[in-house]
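Below is one structure, written out as structure tokens; the observations come after it.
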Amino acid sequence: MESNRMELGLPEKLEMQRHPSGIEITRRWFTWGTIFLTGFAIVWDGFLLMWYSIALAGHANLLFVLFPLIHVGAGICITYSALTGWVNSTRIRVEQGQITVRHGPLPWYGNKSLDGSTLKQLYSKEKVSTGRNSTTVTFDVHAITSDSRDVKLVSGLESSEQALYIEQEIERHFHIENAPVRGEIAA
């Protein structure tokens, strides 16, 4: 790694284990937002339960039963997201020339494996999402392969320190010298 880059220590909310064959970095998904999302899911689902208990007890017409179905779908997604925040974690394993990213125990998109021999460079990137009343900043770790593909390894990290630490440890494992990449966050 480049000598002018400051060595990062293990950031909050990450765990690191070194094995004879490699490393494993784990990040739990739980945040304060998980508590808010859980409360929101309880209110949302509670309203839908109340709606359907009234509709089915009163022998409502078909429109009264079908109207909130899109809200039921949204409730399922909100509830599932809240559950993943409580129980899921991301595990990044680097061993035997492979990088493996797995989310679980509840299924979630973004699992991937990458052959370490194809790695050319890693970099961390800031992602800003703007809503009506708020702005959220998260961080991603990307890999550039020898065939110039840009592969997002991990997303949704809470701090630049988490992203830069993951980048640092994977580069260290594969003996990749850190080099600047357009759009990366400064170390």
Side-chain angles (χ1 to χ4, degrees), residues 11-15 24-94 98-115 122-145 149-163 165-167 170 183-185:
E12 285 186 19
K13 299 188 179 182
L14 290 185
E15 295 175 14
E24 180 175 272
I25 302 170
T26 304
R27 177 183 67 93
R28 292 203 24 88
W29 289 16
F30 179 83
T31 65
W32 287 107
T34 303
I35 296 170
F36 171 77
L37 189 60
T38 301
F40 186 78
I42 290 169
V43 170
W44 186 278
D45 295 345
F47 175 78
L48 287 169
L49 284 172
M50 184 180 68
W51 177 279
Y52 276 107
S53 66
I54 292 169
L56 297 176
H59 306 290
N61 66 29
L62 187 59
L63 182 62
F64 199 74
V65 173
L66 294 179
F67 173 72
L69 280 181
I70 192 134
H71 296 90
V72 170
I76 291 168
C77 292
I78 292 166
T79 302
Y80 190 79
S81 293
L83 286 172
T84 61
W86 287 100
V87 301
N88 272 17
S89 60
T90 297
R91 295 188 186 285
I92 305 152
R93 292 185 66 91
V94 182
Q98 286 282 120
I99 300 172
T100 307
V101 179
R102 295 286 179 261
H103 310 292
L106 295 177
W108 197 261
Y109 61 90
N111 291 339
K112 60 184 57 78
S113 295
L114 187 65
D115 183 353
L122 283 97
Y123 71 99
S124 299
K125 189 173 183 177
E126 180 181 73
K127 182 178 177 185
V128 179
S129 301
T130 306
R132 277 190 286 170
N133 299 322
S134 66
T135 300
T136 305
V137 178
T138 58
F139 300 88
D140 303 338
V141 178
H142 291 251
I144 299 174
T145 62
R149 286 186 307 126
D150 188 312
V151 179
K152 187 186 309 181
L153 291 176
V154 183
S155 62
L157 297 167
E158 295 175 52
S159 70
S160 60
E161 291 81 13
Q162 290 177 346
Y165 181 80
I166 292 168
E167 174 189 343
I170 295 172
E184 76 177 333
I185 57 175

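One-based numbering along the sequence shown.
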Trace of the ring-ring contact (aromatic ring centres under 6.0 Å, His included) decision for Phe36 with Trp32: CA-CA 7 Å; Phe36 171 77; Trp32 287 107; over 10 Å; no
Stepwise side chain to side chain contact (heavy atoms under 4.5 Å, CB included) test for Gln98 and Ser113: CA-CA 7 Å; Gln98 286 282 120; Ser113 295; 3.8 Å; yes
Steps toward side chain to side chain contact (heavy atoms under 4.5 Å, CB included) verdict (Val72, Tyr52): CA-CA 10 Å; Val72 170; Tyr52 276 107; 3.7 Å; yes
Residues 151-158 side chain polar contacts: donor-acceptor under 3.5 Å, at least two apart:
from	atom 1	to	atom 2	distance (Å)
Glu158	OE1	Lys13	NZ	3.3

List the atom pairs, with distances to 0.1 Å, where a side-chain N or O of residues 79-93 and a protein N or O form a donor-acceptor pair under 3.5 Å, not counting sequence neighbours.
from	atom 1	to	atom 2	distance (Å)
Thr79	OG1	Asp45	OD2	2.5
Thr79	OG1	Gly75	O	2.8
Tyr80	OH	Pro107	O	2.7
Ser81	OG	Cys77	O	3.1
Thr84	OG1	Ser81	O	2.7
Trp86	NE1	Thr38	OG1	2.6
Asn88	OD1	Leu106	N	2.9
Asn88	ND2	Leu106	O	3.0
Thr90	OG1	Trp29	NE1	2.8
Thr90	OG1	His103	ND1	2.8
Arg91	NH1	Glu24	OE2	3.4
Arg91	NH1	Thr26	OG1	3.0
Arg93	NE	Glu95	OE2	3.2
Arg93	NH1	Glu24	OE1	2.4
Arg93	NH2	Glu95	OE1	3.2
Arg93	NH2	Glu95	OE2	3.0

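Partner Val94 forms a side chain to side chain contact (heavy atoms under 4.5 Å, CB included) with one of Val101, Ile25, Leu114, Ile170 and no other, that one being Ile170.
Under a cut-off of 6.0 angstrom, the local environment of CD1 in Ile70 is sparse, with at most 12 non-hydrogen atoms contributed by other residues, nucleotides or ligands.
Screening residues 130-140 for side chain to side chain donor-acceptor pair (under 3.5 Å) gives no qualifying pairs among residues at least two apart or on separate chains.
Scanning for side-chain hydrogen bond (donor to acceptor under 3.5 Å, both in side chains) contacts around Lys125 gives an empty result, with sequence neighbours left out. Remark: Phe139 pairs with no residue by the ring pair (Phe, Tyr, Trp, His ring centres under 6.0 Å) rule, at least two apart or across chains. Qualifying salt bridge (Lys or Arg N to Asp or Glu O under 4.0 Å) partners for Arg149, counting only residues two or more places apart in sequence or in other chains: Asp147.
Nearest heavy atom pair, residue Asp150 against residue His142, reads OD1-ND1, 2.6 Å. The heavy-atom pair separating Val141 from Ala163 by the smallest distance is CG2-O, 3.5 Å.
Atom CZ of Phe47 and atom CG of Leu49 lie 11.0 Å apart (nearest 0.5 Å). Separation of atoms CD1 (Ile76) and CG (Leu48) is listed at 9.5 Å; rounding is to 0.5 Å. Annotation: the span from Leu14 atom CG to Ile166 atom CD1 amounts to 5.0 Å, rounded to 0.5 Å.
Side-chain polar atoms of Glu184 and Ser124 form no donor-acceptor pair below 3.5 angstrom.
Remark: side-chain polar atoms of Glu161 are not paired, donor with acceptor, to backbone N or O of Pro11 under 3.5 angstrom.
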